[in-house]
There are 2 protein chains.
Amino acid sequence: MTTTPHIPVRDLSLKHLRQSCVNCSLRELCLPIGLSAEEMRELDTLITQAKPIKRGEALYRAGEPFRSLFAIRLGFFKASVISEDGREQVTGFHMTGELMGMDAVSSDLHTCDAIALEDSEVCELPFTDMEELSRRIPILQHHFYKLMSREIVRDHGVMLLLGNMKAEERIAAFLLNLSQRFAIRGYSASSFHLRMTREEIGSYLGLKLETVSRSLSKFQENGLIKVQNRLIEIINPDALKQLINNCQQ
Amino acid sequence: MTTTPHIPVRDLSLKHLRQSCVNCSLRELCLPIGLSAEEMRELDTLITQAKPIKRGEALYRAGEPFRSLFAIRLGFFKASVISEDGREQVTGFHMTGELMGMDAVSSDLHTCDAIALEDSEVCELPFTDMEELSRRIPILQHHFYKLMSREIVRDHGVMLLLGNMKAEERIAAFLLNLSQRFAIRGYSASSFHLRMTREEIGSYLGLKLETVSRSLSKFQENGLIKVQNRLIEIINPDALKQLINNCQQ
DNA sequence: TGCAGATTTTGATATCGATCAAGGTTATGA
DNA sequence: TCATAACCTTGATCGATATCAAAATCTGCA
């Protein structure tokens, strides 16, 4: 049982698709900027038709040549790096409206695996074309700089979490972050499905899966949340917030 | 006793300063790209005269309005974020030739403190001007995208370190990383001064200062390095590398 | 529908790094 | 040159989280 978005995904014919691509679901990419109708059209011509990615499939893998950024039109992905000796670190979870692949610009190779955690759709943004267009549309150029900067800020937040927080604080921060991001997209902030395993959460948060499981159980015991496998209901968000800020050491 | 760079810093008169700024010490910013003489001149007109920052001073602080990126012409900085409840997380150490402040593009506010760990000199790059210029010099635009992307990749590496590695592995990785970066700049790879305290190393690596101290002592006992306060001599780099890769769990 | 594999929960124990504490060293500035 | 503060080292102990183990539950596929 999946909650349905308040932003309806209607007609998948090309015309509508492009329209909704730029206007609606690619919010992080497009909404914040005031493009003229003409500029919007130009942008549309670059963005390919939405491409479906099945659950478990890779959008790209580390080492593959970089050609395009990908805007998630619908769905949920994890990004992860694998160290030489085979350890996986999930570097992020990405949902509708977010842009993936910016790490690859630096070397022209993807540095992460991007794996769909549910059936998803992405729009491809050929990077060279986007660069060219962004030279002609200053606001678009600025927007790309902003998006990459935002990714850096996000990563700093994760570093703070990994470097300073205790297990339960990390889990609380993680749940609140997801909650907020679902809310922005018109889904319920208090009740949502985790798309990832306990192990993937653990990898992201620098914890073992058993610790994740135990923390969730404890939150449930204390009446902060309700857990039913991957369905999370947040009962007492304020207590979760307090948990994060109380951890002064 | 500080080692001197192989890249001499000669004359600080404006003319020489600008020349060396673009040609020499701002390697990460400028060297990789083949600008024409004319483009180089244009770039030079944007870059302000080198500004000295004394040890302990802030180049900028979180919350301050963002106007410019800063290229480190000479010196050593730490960047750190402070959480609401007052915990510091060092997000990076930055040295000659590196660019700081890219995190601030996203919100037009600095999100980190940047503190000089030794007397330093920076060149200021007004961001709006750089954006404008980068529209006319495609290779410059691409270079900025690359620099921001590289920062993201770096951060992912730190996340891997914080999420997966044990204390000694983190320290080993840290020492090798510093060693490599000094080497690139023409300093010794095997012998260098740490510019930061054990506590700052610990903050960066998600460890307490005592753990940092103990790990360094142990490395010394085992003949991997020599430690004399902040002077580090790397005796057996291969053993350090092995330490990092052996940690399969 | 039922089965096999994947995922999750929970318990018992071990271990790494934090914490507390004290003494030593180095740097700074009068 | 000395006094003081900052920084570093080392030891003893504690605690949070990892690890190991086993059972329960869920999921997807035949």
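Lettering of chains follows the sequences in order, A, B, ..., and the numbering in each one begins at 1. Note that the structure is predicted; figures quoted are calculated from it, not measured.
- In this structure, B:Glu169 atom CD and D:dA18 atom C1' are separated by 14 Å, rounded to whole Å.
- Rounded to whole Å, atom C1' of C:dT9 lies 14 Å from atom CZ of A:Arg230.
- Computed from coordinates, the B:Met165 CE to C:dG17 C1' distance equals 17 Å when rounded to whole Å.
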Report the C-alpha distance between A:Phe76 and A:His94 in whole Å, list the side-chain angles of each, state the deciding distance to 0.1 Å, and finish with yes or no for side chain to side chain contact (heavy atoms under 4.5 Å, CB included). CA-CA 6 Å; A:Phe76 204 96; A:His94 300 281; over 6 Å; no
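- Going from atom NZ of A:Lys226 over to atom P of C:dT9 covers 14 Å, rounded to whole Å.
- B:Phe219 places its CZ atom 13 Å from the P atom of D:dT9, with the value rounded to the nearest Å.
- If you take CZ of B:Arg195 and C1' of D:dC7, they are 18 Å apart, rounded to a whole angstrom.
- Protein atom CG of A:Leu209 is 15 Å distant from nucleotide atom P of D:dT17, rounded to whole Å.
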Where do B:Glu88 and B:Ser203 land on the side-chain hydrogen bond (donor to acceptor under 3.5 Å, both in side chains) test, with the steps shown first? CA-CA 7 Å; B:Glu88 179 187 44; B:Ser203 169; 4.6 Å; no
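- Close to C:dT9, at under 4.0 Å from its OP1 or OP2, lies a side-chain N or O of A:Arg198.
- If you check C:dT9, C:dC16, C:dA21 against the side chain of B:Lys166, the one that comes closest is C:dC16.
- A 4.5 Å side-chain heavy-atom check between A:Thr91 and A:Cys112 finds at least one atom pair inside the cut-off.
- Between the base of D:dG11 and the side chain of B:Arg214 there is a donor-acceptor pair shorter than 3.5 Å.
- Contact check on B:Arg154 versus B:Glu151 returns a salt bridge, with a Lys/Arg side-chain nitrogen under 4.0 Å from an Asp/Glu carboxylate oxygen.
- Of the candidate nucleotides C:dG17, D:dC8, D:dT17, D:dC8 has the atom lying nearest to any side-chain atom of B:Thr197.
- Note: CG (A:Asn164) to C1' (C:dG17) measures 15 Å, nearest angstrom.
- Checked for salt-bridge contact, A:Lys218 and A:Glu168 meet the test: a charged N lies under 4.0 Å from a carboxylate O.
- Within 4.0 Å (heavy atoms only), A:Gly56 reaches no atom of the nucleic acid at all.
- Counting any heavy atom pair closer than 4.0 Å across all strands shown, A:Gly202 reaches no nucleic acid atom.
- One cannot find a donor-acceptor pair under 3.5 Å joining the base of C:dC16 and the side-chain atoms of B:Glu168.
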Quick one, give me the B/S/- string for nucleotides 23-30 of chain D, reading 5' to 3', where B means a protein heavy atom under 4.0 Å from the base and S means that only happens at the primed atoms, P, OP1 or OP2. ---SSS--
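- B:Ser213 has a side-chain polar atom (N or O) that falls below the 4.0 Å cut-off from OP1 or OP2 of D:dT9.
- Ion pairing between B:Glu98 and B:Arg185 holds under the 4.0 Å rule for side-chain N and carboxylate O.
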Begin from the C-alpha positions of A:Phe93 and A:Tyr204 and carry the test ring-ring contact (aromatic ring centres under 6.0 Å, His included) through to its verdict. CA-CA 9 Å; A:Phe93 295 108; A:Tyr204 181 58; 5.2 Å; yes
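- For B:Lys208, a side-chain nitrogen or oxygen approaches OP1 or OP2 of C:dT19 to under 4.0 Å.
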